[in-house]
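To start, the structure itself, in structure tokens.
Worth knowing before you read on, the calculation uses all heavy atoms, side chains too, and leaves out hydrogens, waters and symmetry mates. Treat the numbers as computed from the prediction; the structure is a model and nothing was measured.
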Amino acid sequence: MCRAASLLTHLQGCNSMRRLRKIHAQVIVNGLLSNPAVSAKLLAFCATSAAGDLSYSRLLFSHLPPPLHLDHWNSLIRGSSRGPAPIDSLRLYNAMARSSSVSRPDAVTFSFLLKACERSKATAKCREAHGSIVRIGFSSSVIVCTNLTRCYAENGLIDDSRKMFDEMPERDLVSWNSMIACYCRAGLHEEALKIYDKMRVLGVGLDEFTAVGLLSSCAHVGALNFGIQVQEFAEKNGFLGRNIYVGNALVDMYAKCGSLDGARQVFDRMRRRDGFTWNSMIVGLGVHGHGDEAISFFDRMLMAGLRPNSVSFLGLLMGCSHQGLVGEGIKYFQLMNSEFNLQPDLKHYGCMVDMFGRAGELEKALEVIRSSPCSADPVLWRTLLSACKIHKKVEMGETAFENLSHLSAHNAGDCALLAGIYAGVGDSQGVARMRKLVKDQGIKTTPGWTWIEVHGEVRKFVVGDTSHPDTKEIYEKLKEMISRAASLGSAEERSKVQPSKEDAAVEGLENGGDCHSEMLAIAFGLMKTSEETSLRIAKNLRVCKDCHSLTKMVSKIYGREIIVRDRVRFHHFKGGSCSCSDYW
DNA sequence: ATAGGGTTAG
């Protein structure tokens with residue numbers, strides 16, 4: 001027994017597998033493998049410590065003399081749940097249930113099992129575990145219930161997740177933060193932000209995790225004012241100084257909400273910066289079209305001794321393509337692999353196609369697609385197609401479209417683009433062919449939507465939206481916008497309010513003539529906010545030409561700054577012009 | 001003794 005005690009002490013201080021193997025040998029030599037305290041320690045080290053070895057733990061486990069204890073199973077289930085094959089945890093759990101060695105799992109077992117279900121997307125097992133948890137009587141455990149909430153959400157069952165959350169007997173701060181994170185990951189940002197109100201009403205407190213989750217949702221929907229409120233409580237509690245996640249999330253939030261100044265201010269104040277901090281700035285500058293500044297931050301990142309990753313390069317390439325920095329784009333695209341051994345992915349190729357395409361170098365854009373490993377991805381052909389629309393290149397446009405057809409990937413937007421190209425060169429038969437194609441094949445459109453934050457509330461508008469209680473007022477305002485733009489504008493501007501022939505063709509295909517969601521959001525914003533307030537909106541599609549010109553006019557007529565984040569970049573409208581210089 | 005939460009890109 002004295003031998004066992006000494007071995008346990010050794011195990012306590014064990015920090016490598018090399019040492020562990022020696023101790024393991026001693027355990028066997030001394031016949032102590034049947035001592036549950038000793039074997040549990042051995043297993044726990046191999047299966048769960050950072051210096052451990054999961055496969056060794058399995059080997060060890062399979063050689064343990066019966067009876068096995070719950071600790072043994074739990075160690076293994078825990079180790080697997082964090083490892084490369086979380087599904088093994090489910091198998092182990094099943095094996096434990098079948099074996100007679102353990103009468104029943106405990107709350108800790110379920111924590112690990114649910115983590116594994118979360119990671120391996122095991123929806124059925126999640127439901128089954130839920131049943132067992134209720135039956136065995138762990139449904140009063142905050143930790144287990146929070147795990148269930150997360151597990152459901154991660155399996156795409158956000159309603160079940162919320163139901164679980166609502167029905168748990170008590171909720172602590174972790175539960176609340178988890179619910180925010182679940183909504184955020186599910187893309188339900190309005191819901192995530194609503195949780196904050198509830199938390200405040202109930203006085204559950206707020207911490208760094210709350211701040212980060214909320215900021216991520218603010219970033220996604222462009223809710224700057226909400227984000228500023230989060231910063232206020234973060235500052236008040238000193239989160240910013242001691243937690244890098246908070247600073248990073250703030251930098252990202254400001255950049256994504258169109259406030260590069262805000263992003264820079266937080267960035268400058270941060271004492272410590274990591275890859276996320278730099279990347280958030282680089283990507284932020286990139287999507288705003290400030291390729292040159294993105295490059296300078298990239299250089300500073302290198303000087304600070306940080307290694308860029310593929311996200312850093314994505315930011316650089318976005319900046320280069322939006323700013324038309326073709327030479328730099330080529331340089332960094334090559335540097336990515338030659339200096340940093342990073343493989344470009346679809347997104348990087350997309351930037352290159354976009355960069356060449358928009359610069360009018362369509363042959364080079366085509367070459368990028370052909371030489372890339374992603375030439376079977378519709379996104380690249382679609383990017384080329386948009387470039388062909390800008391440059392009115394019928395033949396290349398048809399090539400791009402044919403490739404989309406071969407991939408069975410052409411959608412209504414693609415048809416509209418090609419129709420627009422035909423219309424641009426006065427080929428009305430081509431336009432008619434596209435119309436027919438859309439009609440005959442019943443090709444579906446991507447529904448467009450726009451978010452706008454007004455007085456701390458995030459509103460979502462869809463194309464032709466009539467679901468809001470103030471719909472009538474909104475459409476009245478819209479009418480006013482259009483008529484003021486038409487009557488006050490110059491002859492040139494007037495022609496833009498009346499959609500040009502080519503855009504009429506596109507719009508007709510795209511959304512059946514319904515009103516674009518962003519114009520509804522802008523009308524709503526004008527209606528609900530005072531005169532100097534900037535409007536910040538985020539949308540899922542790219543800004544169309546009509547909306548772009550109308551927004552420019554509105555910014556002049558109403559004296560408002562309007563900041564629009566579309567699917568690929570930012571547009572800052574002010575005094576009748578846009579930061580993209582009409583090049584997007 | 002063993003349990004739960006966060007950031008960029010997708």
Side-chain angles (χ1 to χ4, degrees), chain A residues 8 11-12 37 40-41 43-45 47-49 69-79 81-82 105-116 118 138 141-151 153-154 168 171-182 184-185 187 192 206-220 230 234 239 243-253 255-256 263 266 270 273-287 301 308-318 342 344-348 350-351 377 379:
Chain A
L8 277 171
L11 273 167
Q12 208 72 49
K41 269 270 179 283
L43 262 185
F45 181 85
T48 69
S49 93
H69 291 249
L70 184 58
D71 299 8
H72 299 132
W73 290 101
N74 277 358
S75 279
L76 231 61
I77 293 172
R78 177 188 183 184
S81 76
R82 297 193 308 196
D106 65 3
V108 178
T109 317
F110 285 113
S111 287
F112 301 138
L113 177 66
L114 289 169
K115 171 60 82 185
E118 198 183 309
F138 293 123
S141 155
V142 195
I143 295 179
V144 171
C145 289
T146 302
N147 279 324
L148 269 170
T149 301
R150 295 179 59 83
C151 196
E154 207 56 26
M168 50 197 283
R171 283 164 286 275
D172 62 12
L173 189 48
V174 178
S175 322
W176 285 97
N177 290 342
S178 296
M179 198 65 241
I180 292 176
C182 288
C184 191
R185 288 191 52 107
L206 308 156
D207 67 5
E208 291 96 324
F209 291 83
T210 326
V212 172
L214 292 173
L215 287 169
S216 177
S217 279
C218 289
H220 280 103
V230 176
F239 297 160
N243 189 310
I244 196 163
Y245 285 82
V246 175
N248 290 347
L250 271 170
V251 169
D252 178 56
M253 183 279 292
K256 291 266 168 55
V266 176
M270 288 172 72
R273 302 183 185 114
D274 62 11
F276 284 89
T277 327
W278 290 98
N279 284 351
S280 294
M281 280 307 298
I282 294 169
V283 171
L285 290 161
V287 297
M301 177 182 189
N309 64 12
S310 65
V311 178
S312 326
F313 282 96
L314 194 56
L316 280 180
L317 296 179
M318 286 194 289
L342 294 164
D345 66 24
L346 178 63
K347 284 268 157 194
H348 301 91
C351 285
D377 198 291
V379 169

Contact class for A/V251 vs. all strands (heavy atom < 4.0 Å): base, sugar-phosphate, or nothing? nothing
Minimum-distance nucleotide (side-chain atoms of A/N279 versus B/dG6, B/dT8, B/dA3): B/dT8
Side chain of A/S216 only, heavy atoms from C-beta on: which candidate in B/dA3, B/dT7, B/dA9 is closest? B/dT7
Which heavy atom in A/M168 sits nearest to a heavy atom in A/S175, and how many Å separate them? CE-OG, 3.6 Å
Spacing between A/H220 atom NE2 and B/dG6 atom C1', to the nearest angstrom: 13 Å
May I ask you to verify if any side-chain N or O of A/S141 is less than 4.0 angstrom from the OP1 or OP2 atom of B/dG4? no
Please state how far atom CG in A/D106 lies from atom P in B/dG4, giving the value in whole angstrom units. 13 Å
Could you check if a side-chain atom of A/D252 sits within less than 4.5 angstrom of a side-chain atom of A/L215, using non-hydrogen atoms only? no
Considering every strand and a 4.0 Å limit on heavy-atom distances, what is the contact class for A/D71: base, sugar-phosphate, or nothing? base
If you look at every strand shown and take non-hydrogen atoms under 4.0 Å, does A/S175 touch a base, only sugar-phosphate, or nothing? base
Among B/dG4, B/dT7, B/dA3, find the nucleotide with the atom closest to the side chain of A/V212. B/dT7
Kindly say if A/K347 contacts the phosphate of B/dA9, meaning a side-chain N or O under 4.0 Å from OP1 or OP2. no
How about A/N279 and A/M301: do any of their side-chain heavy atoms sit closer than 4.5 Å? yes
Nearest-nucleotide pick for A/K256, side chain only, options being B/dG6, B/dT8, B/dA3: B/dT8
Under-4.0 Å side-chain N/O to phosphate OP1/OP2 contact, A/K115 with B/dT2: no
A/P105 and A/F138: which non-hydrogen atoms are nearest, and at how many Å? O-CE1, 3.6 Å
Nearest-nucleotide pick for A/V311, side chain only, options being B/dT7, B/dA3, B/dT8: B/dT8
I'd like to check the side chain to side chain donor-acceptor pair (under 3.5 Å) partners of A/D274; sequence neighbours left out, ordered by chain and number. A/N248, A/T277
Please report, rounded to the nearest Å, how far the P atom of B/dA9 is from the CG atom of A/L317. 15 Å
A/I244 CD1 to B/dT8 P: how many Å, rounded? 14 Å
Atom-to-atom span, OH of A/Y245 to P of B/dT8 - whole angstrom: 11 Å
Would you mind telling me which of B/dG6, B/dT2, B/dG4 lies closest to the side-chain atoms of A/V174? B/dG4
Counting the atoms with a prime plus P, OP1 and OP2 as sugar-phosphate, which does A/F112 contact under 4.0 Å by heavy atoms, base, sugar-phosphate, or nothing? sugar-phosphate
Does A/R150 place a side-chain N or O at less than 4.0 Å from the phosphate oxygens OP1/OP2 of B/dG6? yes
Calculate the interatomic distance between A/W278 atom CH2 and B/dT8 atom C1'; express it in whole Å. 14 Å
Let's see if you can work this out: which of B/dA9, B/dT8, B/dG6 has an atom nearest to the side-chain heavy atoms of A/L314? B/dA9
Looking only at N and O atoms, is any donor in the side chain of A/N243 or the base of B/dG6 less than 3.5 Å from an acceptor on the other one? yes
Gap between atoms CG and P, on A/N147 and B/dA3 respectively (whole Å): 12 Å
Given B/dA9, B/dG4, B/dT7, which nucleotide is nearest the side-chain atoms of A/F276? B/dT7
Apply salt bridge (Lys or Arg N to Asp or Glu O under 4.0 Å) to A/R78 and list each qualifying residue two or more places apart in sequence or on a separate chain. none
For a quick check, tell me whether the side chain of A/D345 and the base of B/dA9 share a donor-acceptor pair closer than 3.5 Å. no
Starting at CG of A/L11 and ending at P of B/dT2, how long is that distance when rounded to a whole Å? 16 Å
For a 4.5 angstrom cut-off between non-hydrogen side-chain atoms, does A/L148 reach A/L114? yes
Closest listed nucleotide, where the reference is the side chain of A/R78 and the choices are B/dA9, B/dG4, B/dA3: B/dA3
